[in-house]
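Report on one structure; see the data block that follows.
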Amino acid sequence: MQLDALLANLDDEQRRAVTHGEGVLLVAAGAGSGKTRVLTTRIAWLLATGRARPHEVLAVTFTNKAAREMVERVESLLEGPLRGGFVGTFHRFALQLLRRHPREAGLPERFAVCDVDDQKRLLQQALKSMNIAEAELPLKVARARLSAAKNALLRPEELMQQARTPLEERIASVYRLYQDQLRTAGAVDFDDMLQLSVELLERQEGVRRALQERFRWLLVDEFQDTNVAQARLVRLLGGPRPNLTVVGDEDQSIYRWRGAEVENILRFEEAYPQTTVVVLGRNYRSAEPILAAAAALIGHNSRRRPKHLSSQAGTGAPVAVLEAADEIDEARLVIDELAVAGGGTAAVLYRTNAQSRPFEAELVRRGVPYVVVGGTRFWERAEVKDAIAYLRLVVAPHDELAFRRAVRVPARGVGEAAMEHLARVAAELGVSLPEAARRSPAGLSPRARVALEDFFALLAAVADAPGPAAAVRLLLERSGLQEQYSLDDEEDRARRANLDQLLAAAAEAGERGLDLAAFLDEVALLTDADAPTSAAAVVLSTLHAAKGLEFDTVFLVGLEEGLLPLGRGEGESDVEEERRLAYVGMTRARRQLVLTWARLRRLYGHQAETRPSRFLREIPPALVKNRSFAGGRDAFRTHLPQPGRAHTEGPRAPGPATVNSAAPPRSPSGGGGGSAGSGRRSHPDGWRPGQRVRHPTFGFGVVLQVQGTAAQLKVVVYFDRAGRKVLIPSLARLERS
DNA sequence: GCTTGCGGTATTTTT
DNA sequence: TACCGCAAGC
């Protein structure tokens, strides 16, 4: 691509960031200022000008989705594939590094990656063996503390030294024990990946040098969310004369509770004195009043660089504030308003997942398609993890955690007693737990012994299967994992279908040339099928999950003291993070922003009076159109559009009578709304949003969204009875109906 | 060793 | 209100 063309559509600031040469660059990118565009164009520019060769580029993001998007956009700019460099998440980079140098990192050759469940189980074991009661140190707290320690690069000894109270000492001891057990199991957890990578690079000069020489260009997205370990990793990779670009916005830092250090970006110039700073100050997303309101709000934070964002998205309606009687009324008001808003994408954003309920109920009642972002995600579902545990054991025969999980499901008569016996035998023989089980030692019940023999025979067969798909298919057929779920129960059928999806994912990985081990590594780092950026449905999402998305209309709901900001207004820094959260929510809106609160809210079963959020007061009245309904619902509702054309594809529509009083949220008029993968066009592969389909397990549904093409084709379907599913039509038996 | 009932507890969750 | 994790029965 021509250089001119590459730079043609950038504003001055963006261009300055993109064409910065060597050295350290901080791009302070306000909401909607074209951050991703700058990052991707910069990579393309570095390559196109010959400053960087592809294999010298290391770009890190936080999510797989962001990484994927980055690759796609760079490739489209370059009009060709991007090969040789690394674009991916911090964790993927770290895992790759550890896989390449397990010895140097002090790990066994084929170490396992343990998931959250494994982690909890190990930790629980540790707590139990130390006789620590749940009341003294709840599992959750322990996990959070250990994670925080690891993210801060503290080893058990160091944590012990820092301990001020007996409880802190206990935590440090738990940490040590947990870590020992993890190593004995030959496993690393998520936080280890980063911590061990840092240690590896600090200790092994050769490895460090090699990486520094290879990756001459580093780029980091969402720098405001980095923790100590990640910042340190970046520092080590950069070496003495880094070519480092970081992009971020402290106002959108919302993961402090997970170890993110806003200081990393606020004090970046202290850490890298030679930094050039480019401020992207033009917002291309939100209409003027929305941006002004958001700016006024975030202006109340003190831990930030003062900045000006100017709207390039034109004027629009003032921000509306709606007062509802209670949370049910809130849902009704919002969906009413949605009907009036007409056209474009829309989202309801809330602080806590529990708030989605009334909205779901109301949307179902009216037959409006909707999508809930988050919830229990595919890869976290028990049935999927059970199957994965088997596969892990095939790849790493000594994976104790996988063994413990797999052997329990389906129940085969190997329970706690047998496990304890095996653990003793393992300790005596000095072998791993699965190895002990393989030897079928004396002292087991005959039933357990036979069960174990069958179990390992199955694993051997799976191991011999050619490729991941065959392995999964064999596993599902022979293990009973599929049969343990009935065909009558709705939940169970969904579980079966999820296992089918696992098979589909394995097949897809196989097509990409991955073997079973590589497939599992990928799975370990995967969390979700893509969150929808836009769909022919209303999006319900927590504020956290909405980061990075945008919608024509946004409803930010539950603006009450105690809910947003959440909690009991303890530390001021907590309130600042809550304010950032509200800010992130507001700046998701392109054309229209509606803020709501309810006078009464049912929380944990009790209804209580609320007070409007301080955040509402922090927005100047001039920017807001207040529409309070003292008596609840009246005048406004009479403005409801008439039912009109039936929107028959509505999910869970029991019959025409209840179908539709709200217009389809993405109306055919479209307007300026159609950005990502726009919904209505018919798809070359024959699937299009709105189409009715049928699936042998899920029954009837409607296509919400079509992503990708050909073999990569995925369709998002909202099933009347099973809800939202992402399917791969080439594998799932999906039919038009 | 696996299913039923009770009580305590409640954020947010990129990997 | 709802779920989850623990304690007692088949």
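Keep in mind that what you see is a predicted model, and the values were worked out from it rather than measured. All chains are named by letter (A, B, ...) in the order of the sequence lines, taking the proteins before the strands, and each is independently numbered beginning at 1.
The CG atom of A:L349 sits 13 Å away from the C1' atom of B:dT12 (whole-angstrom rounding). In this structure, A:D117 atom CG and B:dT13 atom P are separated by 17 Å, rounded to whole Å. Atom NZ in A:K65 sits roughly 15 Å away from atom C1' in B:dT13 (whole-Å rounding). Look at CZ on A:R258: it is 13 Å from C1' on B:dT11, rounded to the nearest Å. At whole-Å resolution of the value, CG in A:L563 and C1' in B:dT12 are 11 Å apart. Between A:L543 atom CG and B:dT12 atom P the separation is 11 Å, expressed in whole Å. Atoms CZ (A:R601) and C1' (B:dA10) sit 15 Å apart, rounded to a whole Å. Separating the CG atom of A:L564 from the P atom of B:dT11 is a distance of 16 Å, rounded to the nearest angstrom.
With respect to A:V27, the side chain to side chain contact (heavy atoms under 4.5 Å, CB included) criterion is satisfied by exactly one of A:D249, A:T245, A:V246: A:T245. Between A:F90 and the choices A:L95, A:V234, A:N227, A:T61, the side chain to side chain contact (heavy atoms under 4.5 Å, CB included) rule is met once, by A:V234. With respect to A:R579, the side chain to side chain contact (heavy atoms under 4.5 Å, CB included) criterion is satisfied by exactly one of A:L297, A:D251, A:L564: A:L297.
Within the 4.0 angstrom heavy-atom criterion, no nucleotide atom of any strand lies near A:D191. Using a 4.0 Å heavy-atom distance criterion, A:Y255 is classed as a base contact.
Within the structure, a side-chain polar atom (N or O) of A:N353 is placed less than 4.0 Å from OP1 or OP2 of B:dT13. The side chain of A:T542 contributes an N or O atom lying less than 4.0 Å from OP1 or OP2 of B:dT13.
With P as the reference atom, C:dC4 and B:dT13 are 16 Å apart, rounded to whole Å. Spacing of P atoms, C:dG5 relative to B:dT12, comes out at 15 Å, to the nearest Å.
A salt bridge between A:E250 and A:R303 is absent, with no side-chain N of the basic residue lying under 4.0 Å from a carboxylate O of the acidic one. Salt bridge A:E577/A:R580: present, at least one basic N to carboxylate O contact under 4.0 Å. A salt bridge between A:R601 and A:D326 is absent, with no side-chain N of the basic residue lying under 4.0 Å from a carboxylate O of the acidic one. Between A:D521 and A:R99, at least one side-chain N (NZ, or NE/NH1/NH2) sits under 4.0 Å from a carboxylate O, which counts as a salt bridge.
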Summarise how protein sits on nucleotides 1-10 of chain C as a single string, 5' to 3': B when a protein heavy atom is under 4.0 Å from the base, S for sugar-phosphate-only contact, - for no contact. B----S----
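A syn orientation is assigned to B:dT11, its glycosidic angle lying within 90° of 0.
Taking CG of A:D225 as the start and CD1 of A:I254 as the end, the distance is 7.0 Å to the nearest 0.5 Å.
In this structure, A:W257 packs face-to-face on the six-membered ring of B:dT12, meeting both the 5.5 Å centre cutoff and the 30° plane limit.
Using a 4.5 Å heavy-atom cutoff, the side chains of A:V60 and A:L219 are not in contact.
For A:Q482 and A:Q484, the side-chain atoms include no donor-acceptor pair closer than 3.5 Å.
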N/O to N/O distances under 3.5 Å, protein versus nucleotides 1-6 of chain B:
from  : atom 1 : to     : atom 2 : distance (Å)
B:dG1 : OP2    : A:G415 : N      : 3.1
B:dG1 : OP2    : A:E416 : N      : 2.9
B:dG1 : OP2    : A:A417 : N      : 3.3

